[in-house]
Amino acid sequence: MPELPEVEVCRRGVQPGVEGQVLLGAVARVPRLRLPVPEGMDRILAGQRVAAVRRRGKYLLFDCRGGATDGTLIIHLGMTGSLRFVPPGTPASRHDHVDLLFASHVLRFSDPRRFGVVLWQASGEPAHPLLAVLGVEPFDEGFTGEWLHAALRRRAAPVKPVLMDSHLVVGIGNIYASESLFRAGISPLRAANRISAGRCERLTAAVCETLSDAIAAGGSSIRDYVHSDGGAGCFQVDCAVYDRAGQPCRRCGGVVRQVRQAGRSTYWCPGCQH
DNA sequence: CCGACAACCTGTGAGC
DNA sequence: TGCTCACAGGTTGTCG
């Protein structure tokens, strides 16, 4: 799935075919993904106009207006979720769980592992609990070295799993956590609260650069990720350390190593990262 | 409060 | 060819 760059690429790919369009309805073929799909989604969405497609962390937000129940459709792609446009009437295959129906096309949500989420948030309701607990956006002004330094003070765990904690910062998944730390020259094993203010400054910059580069490259191409138009991303070929265990570091020539942290694979170059 | 871990699912590739 | 196992982009809840 999709970390922040893939979700942002997905948002930009989907936006032209959705914004300003009127929904004829929706089809849900499964009662639940990671969480239950909203009851009566077809009735809720039918007749609404999609005013905007936004992103918060790894969540896509479709603002819907014009119905009796204005609100926001929330979609999370989980590990293997994807959105793509198909012509009306296209038969659904095994993992095509939800369709958003427009007059001239269908936006189809597919997700083999079903770790994704589709939710409805009516206007006026308090922020959905899943969104309310999210941390700062990497591209927001609040994501500074000073802020990160303060946030890491309380965390004794290795910095890599902390960097992936969406309650602190959103959008940094397993790939870009390793890549950002490589770019910043910081070992993923280093205790979060033992990173200097100066290196936190460097780390926030590295995170933003890594994510921006990935967005510019069109997202990652790992396994089943596809763009809304069906084309594969191409970022992974440029990974400095992720999934490169045993191979030479592109910067110093040393051997890239792999370790397991909090149940996830981490990759780093001991020669470049301390 | 913090952190490690299991759980939620299916698919794929490696090894036998 | 076919079986079994480990592992894969995320997040939440539980337990120590």
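Small disclaimer: the values here were computed from a predicted structure and weren't measured.
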Undergrad: Are any of the side-chain nitrogens in Glu179(A) or Arg183(A) under 4.0 Å away from the carboxylate oxygens of its partner?
TA: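 No, Glu179(A) and Arg183(A) are not salt-bridged.
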Undergrad: Would you give the length of the straight line joining atom CD of Gln261(A) to atom CG of Leu189(A), rounded to the nearest 0.5 angstrom?
TA: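 Result: 5.5 Å between the selected atoms.
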Undergrad: Arg94(A) CZ to dT10(B) C1': how many Å, rounded?
TA: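 Rounded to whole Å, this separation is 7 Å.
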Undergrad: Taking only side-chain N and O atoms of His76(A), does any of them lie within less than 4.0 angstrom of OP1 or OP2 on dG10(C)?
TA: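 False: His76(A) side-chain N/O out of range (4.0 Å or more) of dG10(C) OP1/OP2.
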Undergrad: Mind running side chain to side chain contact (heavy atoms under 4.5 Å, CB included) on Met41(A) and Val118(A) for me, showing each step along the way?
TA: CA-CA 10 Å; Met41(A) 190 168 61; Val118(A) 176; 3.9 Å; yes
Undergrad: Mark yes when over 12 heavy atoms from residues, nucleotides or ligands other than Arg65(A) sit less than 6.0 Å from its CZ; otherwise mark no.
TA: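 Check passes, neighbour count above 12.
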Undergrad: Rounded to the Å, how far apart are Leu119(A) CG and dT11(C) C1'?
TA: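 Checked: the CG to C1' distance equals 13 Å.
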Undergrad: Measure from CD on Glu3(A) to C1' on dG10(C) and round the result to the nearest Å.
TA: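 Value for this atom pair: 9 Å.
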Undergrad: Rounded to whole angstrom units, what separation is found between the CD atom of Gln261(A) and the P atom of dG9(C)?
TA: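 Rounded to whole Å, this separation is 13 Å.
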Undergrad: What is the distance, rounded to the nearest whole Å, between atom CE of Met79(A) and atom P of dT10(B)?
TA: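 After rounding, the reported distance stands at 14 Å.
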Undergrad: Tell me yes or no: between the side chains of Asp213(A) and Thr210(A), is some donor less than 3.5 Å from an acceptor?
TA: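 Checked: Asp213(A)/Thr210(A) side chains show no N/O donor-acceptor pair below 3.5 Å.
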Undergrad: Regarding Arg260(A) and Ser265(A), is there a side-chain donor-to-acceptor distance under 3.5 Å anywhere?
TA: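 Yes, a side-chain donor-acceptor pair sits under 3.5 Å.
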Undergrad: Are any of Arg264(A)'s side-chain N or O atoms less than 4.0 Å away from OP1 or OP2 of dA8(C)?
TA: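 No, because none of the side-chain N or O atoms of Arg264(A) sits under 4.0 Å from OP1 or OP2 of dA8(C).
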Undergrad: Round to the nearest Å and state the distance from Asp243(A) atom CG to dA6(C) atom P.
TA: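 Whole-Å distance recorded here is 19 Å.
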Undergrad: Within the structure, does a side-chain N or O atom of Ser265(A) lie under 4.0 Å from either OP1 or OP2 of dA8(C)?
TA: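 Affirmative; the distance criterion is met.
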Undergrad: Could you give the distance separating dC9(B) and dC3(C) at their P atoms, to the nearest angstrom?
TA: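 Their P atoms lie roughly 24 Å apart.
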Undergrad: Work out how far the C1' atom of dA6(C) is from that of dA6(B), and round it to whole angstrom.
TA: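 Approximately 16 Å lies between the C1' atom of dA6(C) and that of dA6(B).
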Undergrad: What pair of heavy atoms forms the shortest contact from Phe139(A) to Cys208(A), and how long is it?
TA: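 So the minimum-distance heavy-atom pair works out to CE2-O, 3.7 Å.
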Undergrad: Locate the shortest heavy-atom distance separating Met164(A) from Ala177(A); write the atom from each residue and the value.
TA: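 Closest approach of Met164(A) to Ala177(A), heavy atoms only: CG-CB, 3.7 Å.
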Undergrad: Of the options dG10(C), dT10(B), dT12(C), whose atoms approach the side-chain atoms of Tyr59(A) most closely?
TA: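 Between dG10(C), dT10(B), dT12(C), the one nearest the side chain of Tyr59(A) would be dT12(C).
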Undergrad: With DNA chain C as reference, determine whether Pro129(A) or Gln258(A) sits nearer its 5' end, using the nearest nucleotide of each.
TA: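 Its nearest nucleotide being more 5', the pick is Gln258(A).
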Undergrad: Applying side chain to side chain contact (heavy atoms under 4.5 Å, CB included) to Leu107(A) and Phe102(A), what does each step give before you reach the verdict?
TA: CA-CA 8 Å; Leu107(A) 185 60; Phe102(A) 298 94; 4.3 Å; yes
Undergrad: Would you call Arg54(A) and Asp63(A) a salt bridge, using N to O less than 4.0 angstrom?
TA: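 Salt bridge present between Arg54(A) and Asp63(A).
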Undergrad: Check every strand shown and say whether Leu33(A) touches a base, only sugar-phosphate, or nothing at a heavy-atom separation below 4.0 Å.
TA: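 Since no nucleic acid heavy atom lies under 4.0 Å of Leu33(A), the category is nothing.
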Undergrad: Pick from Asp70(A), Leu73(A), Val22(A): which one makes a side chain to side chain contact (heavy atoms under 4.5 Å, CB included) with Gln48(A)?
TA: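 Per the side chain to side chain contact (heavy atoms under 4.5 Å, CB included) rule, the option paired with Gln48(A) is Asp70(A), out of Asp70(A), Leu73(A), Val22(A).
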Undergrad: Run through Glu6(A), Glu3(A), Glu137(A) and flag the one making a salt bridge (Lys or Arg N to Asp or Glu O under 4.0 Å) with Arg55(A).
TA: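 Looking at Glu6(A), Glu3(A), Glu137(A), the match for Arg55(A) under the salt bridge (Lys or Arg N to Asp or Glu O under 4.0 Å) is Glu137(A).
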Undergrad: Does OP1 or OP2 of dG9(C) have a side-chain N or O of Lys58(A) closer than 4.0 Å?
TA: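 Looking at the OP1 and OP2 atoms of dG9(C), neither is under 4.0 Å from any side-chain N or O of Lys58(A).
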Undergrad: Using atom names, set out every protein N or O paired with an N or O of nucleotides 5-9 of chain B below 3.5 Å, distance rounded to 0.1 Å.
TA:
unit_1: dC9(B); atom_1: O3'; unit_2: Arg114(A); atom_2: NH2; d: 2.9
unit_1: dC9(B); atom_1: O2; unit_2: Arg113(A); atom_2: NE; d: 2.8
unit_1: dC9(B); atom_1: N3; unit_2: Arg113(A); atom_2: NH2; d: 3.3

Undergrad: Please tabulate the protein-to-nucleotide N/O contacts below 3.5 Å involving nucleotides 1-3 of chain B, giving atom names and distances.
TA:
unit_1: dG3(B); atom_1: OP1; unit_2: Ala156(A); atom_2: N; d: 2.7
unit_1: dG3(B); atom_1: OP1; unit_2: Ala157(A); atom_2: N; d: 2.7
unit_1: dG3(B); atom_1: OP2; unit_2: Arg155(A); atom_2: NE; d: 2.4
unit_1: dG3(B); atom_1: OP2; unit_2: Arg155(A); atom_2: NH2; d: 3.1

Undergrad: Output the pairing pattern of DNA chain B as a dot-bracket string, 5' first, Watson-Crick or G-U wobble with both distances under 3.5 Å, | for cross-strand pairs, [ ] for crossing pairs.
TA: .|||||||.|||||||
Undergrad: Between His167(A) and dT11(C), does any side-chain N or O lie under 4.0 Å from OP1 or OP2?
TA: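 Answer no for this pair, as no side-chain N or O of His167(A) is under 4.0 Å from OP1 or OP2.
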